[in-house]
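Below is one structure, written out as structure tokens, with a few remarks after it.
Both backbone and side-chain heavy atoms feed into the values below; hydrogens, waters and symmetry mates do not. Whatever order the structure lists ligands and atoms in, that order sets their numbers, starting from 1.
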Amino acid sequence: MVIGDIILIAQPKYIIVTGGVMSGLGKGLLAASLAKLLSASGYSVAPIKFDGYLNVDAGTINPYKHGEVYVLEDGTETDMDLGTYERFLNMSLDSWSSLTGGQIFQNIIEKERRGEFLGEDIQFIPHVTNEITSWIRQKDKIVDITLIEVGGTVGDIENAYFIEALRQLALTCDRSDVCWIHVTLIPVLEVVGEQKTKPTQASVKTLQGMGIQPDILLCRSEKPLDSKTRQKVAMFCNIAVSDVISGYDTPLIYEYPFQLLEEGILNSIFNKLKIGPKSVLTLSNWRQLVDKIKDPVGEVTIGVGGKYTNLKDAYVSITKALTHAGAHTSVNINSIFIETSESIEDLNEKINLCDGIIVPGGFGYRGVEGKIALIKQIREENIPFLGICLGLQCAVIEFARNVCSLGNANSTEFNPNTPHPVIDLLPSQRTVYRKGGTMRLGAYPVLISEGTLAYTVYGKNEIKERFRHRYEINPDYTSQLLTNGFEFSGLSTDGSVVHIGELKNHQFFIGTQFHPEFSSRFEQPNPLFVGFVQKSLEYKKEKKKKEPDPKK
Ligand code: GLN
């Protein structure tokens, strides 16, 4: 249908993002930024990410190897790119958006066992490829654009069958229904100072060898592409110069959509898909927030005490949630990592730098005693504290040991024979033997009591937040903890399980069994992080007042 010179979509369009040369070029960020630009132009966009590994989901992967495990509302444990989509699009995704090699093969093998392929030998083509295309087509009728991000690099064994499935999907569509975007690298050879195009050419050839001619090239580089480079890439890769897009380094990821817009990527996509904007592009709110980050009024230093601190990606949702809270409160967040699996002696120096400290989630005993020592100091020195999942559990252990005099109190995750199992499995978890997908996962309601810090921060009686854990505060110890000054401000709807704990005699000491960082969005920060950042700023000012005046 044509209205004016704008063609309205009558069937779904597919945008497919592949990557070449090497991993880590920011395919996810590009895809999320595109999704944002398209949705800001009035289109409904469904992003889907394919990961080639054979895990059924990301839940069993060590964050140290692959970055944080992100959790969707429906409990799906996913790659951290899904978090980028949610943060950019300000919407909740579901399990459809996260497809892995393991998931595809599990589906096929289950079908084979059910007898759905009786008499046939099951092959990559057509069985695996059909499984993929029918998964993707599930959202055909409900969205305008499906945006498919192919994890890994073209030429990998892990994603070759997936790319083949997409080639076949494209064959069943009109040429104007599919737009292929390939992300590559343009390095600069220091000695000659020249932008080199060969790796890009080689990568496009690999894609062409798979039967795919990319429509748009997103060339990652340190500086903007010069025009000679653009022309060379266009000529050798069989692409119009205007469709060679420069994706140069930007320190602030939330500015990336503006950079892409200036580079004309939206026009290239619209031309290829023969569509135009459905509504006038609106990014004013986004712009205001970016400006606030670039020109903040205050500044705080927030410590994150964990054991994966060498890999920044392991706590990516937490650092992003802090940025969001900072953007909305005009506070620049300087986050520092406090390694809790090494010597506890170094802690003091780091603590003194911090205006607030977060102890994030985690699994296993390594680093736990460091977290407990850190929390003791936070409690005693009245430093603003946010404990997330394991962070709350460590706060309870510390309080039990040092305030309630329950010597050797622990979680049974770390010491099954502890005399005081203040953190323990509920009976329903005791009979769980399969590790994959069996924790408390996804969004659950939490009831908040009035007159508590949790209520002040959230401003309502009922919230919904995302969980990912097995252990809980042991109900046998709640009355002892309460008598000594702990407060249980958030409970499950039946009142039987503690979801939020806080300290009464402290300016801001709160821990949650859920992960508030997973629901924080750039345009809609999580209230707990906002409250925490505000309190850290106050604490910093108080600290300053107490410092001796150097002039005196
Ligand atoms: N290991 C703890 C548990 O399973 C905490 C998990 C977490 O921090 N996400 O309950």
So, S97 side chain and L93 main chain: donor-acceptor pair closer than 3.5 Å or not? no
Got a sec, which pairs hit salt bridge (charged side-chain N to carboxylate O under 4.0 Å, His left out) with one end in residues 384-401, sequence neighbours left out?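 Found E369-R401, R379-E398.
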Check the orientation of F414 and Y365. Use parallel for under 30°, tilted for 30 to 60°, and perpendicular for over 60°. tilted
Pick out the protein N or O atoms lying less than 3.5 Å from any N or O of ligand 1, and list each pair with its distance.
residue  : atom   : partner : partner atom : Å
ligand 1 : 1 (N)  : G362    : O            : 3.0
ligand 1 : 1 (N)  : E413    : OE1          : 2.8
ligand 1 : 1 (N)  : E413    : OE2          : 3.2
ligand 1 : 4 (O)  : R470    : N            : 3.0
ligand 1 : 8 (O)  : G362    : N            : 2.9
ligand 1 : 8 (O)  : G362    : O            : 3.4
ligand 1 : 8 (O)  : L390    : N            : 3.0
ligand 1 : 9 (N)  : R468    : O            : 2.8
ligand 1 : 9 (N)  : H515    : NE2          : 3.2
ligand 1 : 10 (O) : Q393    : NE2          : 3.1
ligand 1 : 10 (O) : R470    : N            : 3.1
ligand 1 : 10 (O) : Y471    : N            : 2.8

For N334 and T301, does a side-chain donor sit closer than 3.5 Å to a side-chain acceptor?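 The answer is yes; a qualifying pair exists.
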For the side-chain contact (heavy atoms from CB on, under 4.5 Å) test, which of I163, I104, T100 pairs with F50?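 Answer after filtering I163, I104, T100: I104.
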Go through the steps for K27 and D81 under the test salt bridge (Lys or Arg N to Asp or Glu O under 4.0 Å), then give the verdict. CA-CA 9 Å; K27 240 183 306 132; D81 276 345; over 6 Å; no
